[in-house]
2 protein chains.
Amino acid sequence: MTLRDRVWQRRNRLRNRFPKATLADVAERAGVSPSTASRALNGHAGLAPATRAAVESAAASLKFQPSPLARSLRTRRTLTVGFVVPDVSSPFYAAALKGAQRRLGQAGYRVLLMDASLDVERELAALETLYAHQVDGLLLATAGISAEALEAAVSTTPTVFFDSVADGAGDGAVILENARGTGLLLEHLVGHGHEHIAFLAGSQRETSGVERLQAFRASGRADERYIRVCEWSIGDGRRAGLELLDDPQRASAVLASSAELALGFMAAAAERGVRIPQDVALVSFDDPYFGELLEPSLTAVAYDACLVGERAAALLVDAMSSETDAREVRVPVTLVTRRSCGCDG
Amino acid sequence: MTLRDRVWQRRNRLRNRFPKATLADVAERAGVSPSTASRALNGHAGLAPATRAAVESAAASLKFQPSPLARSLRTRRTLTVGFVVPDVSSPFYAAALKGAQRRLGQAGYRVLLMDASLDVERELAALETLYAHQVDGLLLATAGISAEALEAAVSTTPTVFFDSVADGAGDGAVILENARGTGLLLEHLVGHGHEHIAFLAGSQRETSGVERLQAFRASGRADERYIRVCEWSIGDGRRAGLELLDDPQRASAVLASSAELALGFMAAAAERGVRIPQDVALVSFDDPYFGELLEPSLTAVAYDACLVGERAAALLVDAMSSETDAREVRVPVTLVTRRSCGCDG
DNA sequence: TTGTAAGCGTTATCAC
DNA sequence: GTGATAACGCTTACAA
């Protein structure tokens with residue numbers, strides 16, 4: 001049996017199982033060479049209109065779909081970006097993911113997702129995997145990786161940070177207006193006449209946690225006695241809340257760095273029979289979608305988490321397609337006043 | 001040549017200064033042929049131990065990472081699965097994604113994410129893209145695709161449905177105990193002495209919506225007058241809730257098919273000055289994580305959304321590695337009694 | 001304007 | 001045991 005025969009046999013066997021048409025099939029059908037077919041389908045200039053038409057109709061009739069795998073191997077571009085977060089199931093990251101996915105989809109990119117499970121080691125492993133996959137870009141909400149480690153893991157892959165930043169690294173960053181939001185909440189409490197304001201700070205491994213606490217301290221209204229640094233969880237908020245409430249010289253208002261911390265504080269207050277806002281006022285950075293329905297409804301700083309992902313994606317698309325200077329984008333926040341601060345419903 | 005191309009050229013040039021080690025490099029360094037190197041690294045049997053060791057050390061010292069692209073092109077396996085949902089930012093899908101990602105990661109698979117934005121056409125497009133990418137499997141929470149369309153789009157790609165099912169298609173499905181959960185809630189209300197029970201049904205394009213409504217109707221306690229079919233949103237729940245509340249012969253209890261619908265009903269009740277549970281009782285399928293903190297706290301059916309994704313992933317891994325019969329897995333639900341039903345806090 | 005041929009980095013099939 | 005060699009499906013100099 002000649003080689004040619006074997007090839008034929010094999011091709012037929014494959015065809016029967018994977019009726020996927022290849023570029024060679026299209027070319028044959030159109031009576032041109034593969035290169036011409038490729039050029040036609042990629043819209044290269046300088047082709048006889050008739051040729052192009054023939055190729056296009058051949059492709060259509062065979063339902064040809066080019067293999068991204070082969071294409072990427074050849075061109076060294078994958079049209080894929082890696083998305084790495086500490087925890088996809090968190091509402092914030094989930095929303096950011098949606099925004100990013102939308103924007104990237106428009107630009108023709110696919111999203112390869114990695115969840116680092118709040119674990120720096122996994123995060124590094126994820127980055128290495130993504131690098132091996134030759135992703136064209138990286139969207140990264142780091143749980144605390146250093147600029148050097150990043151550089152080592154992904155070399156020159158364009159990277160945009162969001163929510164949390166590894167100082168000095170990357171081709172851009174998208175962050176919330178943390179300082180402004182904190183200021184808004186603080187001023188509002190001060191407007192209600194509060195002087196002793198407690199602060200529930202979030203994890204200091206993340207930019208949001210750091211910036212919010214910094215802003216609070218910089219305000220001149222901070223008393224270290226009333227500051228509690230927690231993880232971003234309801235449980236932690238509750239524990240810290242109980243401490244705050246059990247202080248004999250209790251603060252008259254609480255600023256929580258996140259919705260979870262605020263919810264934790266509410267739980268603590270309920271446990272101690274402390275009424276909000278009569279006995280202690282509460283405001284929160286983060287406006288959960290059910291904020292209106294809590295008792296009392298929650299005064300909070302709101303923002304569009306989706307937009308964070310979208311903006312980051314936009315920055316990345318830019319960075320991938322042209323040399324750009326690293327830019328920092330701030331996503332705006334607004335104050336939503338409801339009853340927990342002492343305002344009337 | 002476009003700007004974009006030039007950027008890529010430059011980047012590639014940069015990369016060429018520190019070229020990624022290829023299998024050929026490893027082979028050369030170890031003084032063997034590429035095929036031998038390949039065999040060594042893939043743990044094939046029948047190699048001189050010394051050869052294997054040499055290859056391994058060469059690979060290590062060059063920090064060799066095989067190119068998944070090239071490998072996939074050759075082997076026709078991508079170690080990638082597509083994950084398609086109507087909306088990643090919904091807490092349920094986000095949690096399922098996390099569970100799936102975890103399980104798939106363990107098994108060595110990557111996750112390519114597609115958000116169909118609640119749009120059947122996009123869903124189809126997503127499936128085609130995924131098929132072109134030769135994903136090894138598909139995790140699909142469909143927004144309403146037919147078995148035929150699925151078959152046409154992804155051919156024989158192993159597919160596991162979760163949350164929502166296209167009847168008869170796929171290699172498995174993971175669904176909640178919808179009927180049991182509905183029964184639990186209903187019985188509980190009946191136990192409180194309610195006779196006229198209203199039902200807020202969710203979208204009938206999805207299995208969860210359908211099964212919950214079906215279970216309600218099958219209970220013999222259903223009065224069509226008190227049934228409202230909605231989309232899964234707070235707004236829809238509110239609208240339907242207002243209708244229910246404005247009925248002169250108002251039902252004395254409401255069973256909401258989802259947390260969103262329950263929240264919508266709470267908003268409606270607040271607007272009308274109707275007290276829960278004194279004037280009307282409320283229970284919900286879905287226990288939102290802040291259910292304890294609502295006023296009144298919400299009696300609900302709870303389940304582990306993460307587990308849904310995890311189980312689906314497990315089924316898929318099975319289906320991808322061997323011929324298996326299609327299986328249906330039900331994820332258990334439990335009743336959490338709090339105050340909205342009329343129980344004491 | 002089009003075709004030929006050389007890869008991209010692997011793995012599989014043969015020989016030896 | 002190990003090494004040539006031929007794919008996998010595509011793009012792109014370089015020729016013609």
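First the proteins, then the strands, lettered A, B, ... as listed; each starts at 1. Source: prediction; values computed, not measured.
Residues passing the salt bridge (Lys or Arg N to Asp or Glu O under 4.0 Å) test with B/Asp163: none are found, sequence neighbours excluded. For the salt bridge (Lys or Arg N to Asp or Glu O under 4.0 Å) test, residues two or more places apart in sequence or in another chain that qualify with B/Glu328 are B/Arg330. Listed by chain and residue number, nothing satisfies the salt bridge (Lys or Arg N to Asp or Glu O under 4.0 Å) test with B/Arg103 (two or more places apart in sequence, or in another chain). The salt bridge (Lys or Arg N to Asp or Glu O under 4.0 Å) test applied to B/Arg71 returns no partner, not counting sequence neighbours.
Within the 4.0 angstrom heavy-atom criterion, no nucleotide atom of any strand lies near B/Gln134. Contacts of A/Arg74 with the nucleic acid, taken as non-hydrogen atoms under 4.0 Å apart, include base atoms.
The phosphate of C/dG9 (OP1 or OP2) has a side-chain N or O of A/Arg76 nearer than 4.0 angstrom. Checking the phosphate oxygens (OP1, OP2) of C/dA12, no side-chain nitrogen or oxygen of B/Arg39 falls inside 4.0 Å. Proximity of A/Ser33 to the phosphate of C/dG3: a side-chain N or O atom is located under 4.0 Å from OP1 or OP2. A sub-4.0 Å separation between OP1 or OP2 of D/dC10 and a side-chain N or O of A/Ser38 is absent.
Among D/dG3, C/dG3, C/dT11, the nucleotide with an atom closest to any side-chain atom of A/Val32 is C/dG3. Out of D/dG9, D/dT11, D/dT2, the shortest distance to the side chain of A/Leu73 is found at D/dG9. Comparing D/dG3, C/dC8, D/dA7 by their nearest atom to the side chain of B/Ser35 picks out D/dG3.
For DNA chain C, the neighbouring residues in residues 41-62 of chain B, judged by any heavy atom under 4.0 Å, are B/Asn42.
Taking CD of B/Glu123 as the reference point, atom CD1 of B/Ile145 lies at 5.0 Å (rounded to 0.5 Å).
Across the protein-nucleic acid pair, A/Lys20 atom NZ and D/dG9 atom C1' stand 11 Å apart, rounded to whole Å. A/Arg71 places its CZ atom 9 Å from the P atom of D/dT12, with the value rounded to the nearest Å. Rounded to whole angstrom, the span from the CG atom of A/Leu79 across to the P atom of D/dC10 amounts to 15 Å. Between the CD atom of A/Glu28 and the P atom of D/dC10 there is a distance of 14 Å, rounded to whole Å. The interatomic distance linking B/Phe64 (CZ) with C/dG9 (P) rounds to 10 Å, in whole Å. A straight line from CG of B/Leu23 to P of D/dT5 spans 17 Å, rounded to a whole angstrom.
Ring centroids of A/Phe83 and A/Tyr93 are separated by 6.0 Å or more, keeping the two rings apart.
Proximity of a side-chain donor or acceptor of A/Thr78 to a complementary backbone N or O of A/Gln134 within less than 3.5 Å is detected.
Comparing the end axes of the helix from C/dT1-D/dA16 to C/dC16-D/dG1, each fitted to five base pairs by superposing C1' atoms of four pairs onto the next four, gives an inter-axis angle of 40° (nearest 10 degrees).
Both B/Thr75 and A/Pro34 sit near DNA chain D, but only B/Thr75 has its closest nucleotide nearer the 5' end.
For B/Ser322 and B/Thr324, the side-chain atoms include no donor-acceptor pair closer than 3.5 Å.
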Given B/Arg29 and B/Ser61, is the side-chain hydrogen bond (donor to acceptor under 3.5 Å, both in side chains) satisfied, shown in steps? CA-CA 10 Å; B/Arg29 174 94 171 234; B/Ser61 75; 3.2 Å; yes
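Ion pairing of B/Lys20 with B/Asp25 is absent here, as no side-chain N (NZ or NE/NH1/NH2) approaches a carboxylate O to less than 4.0 Å.
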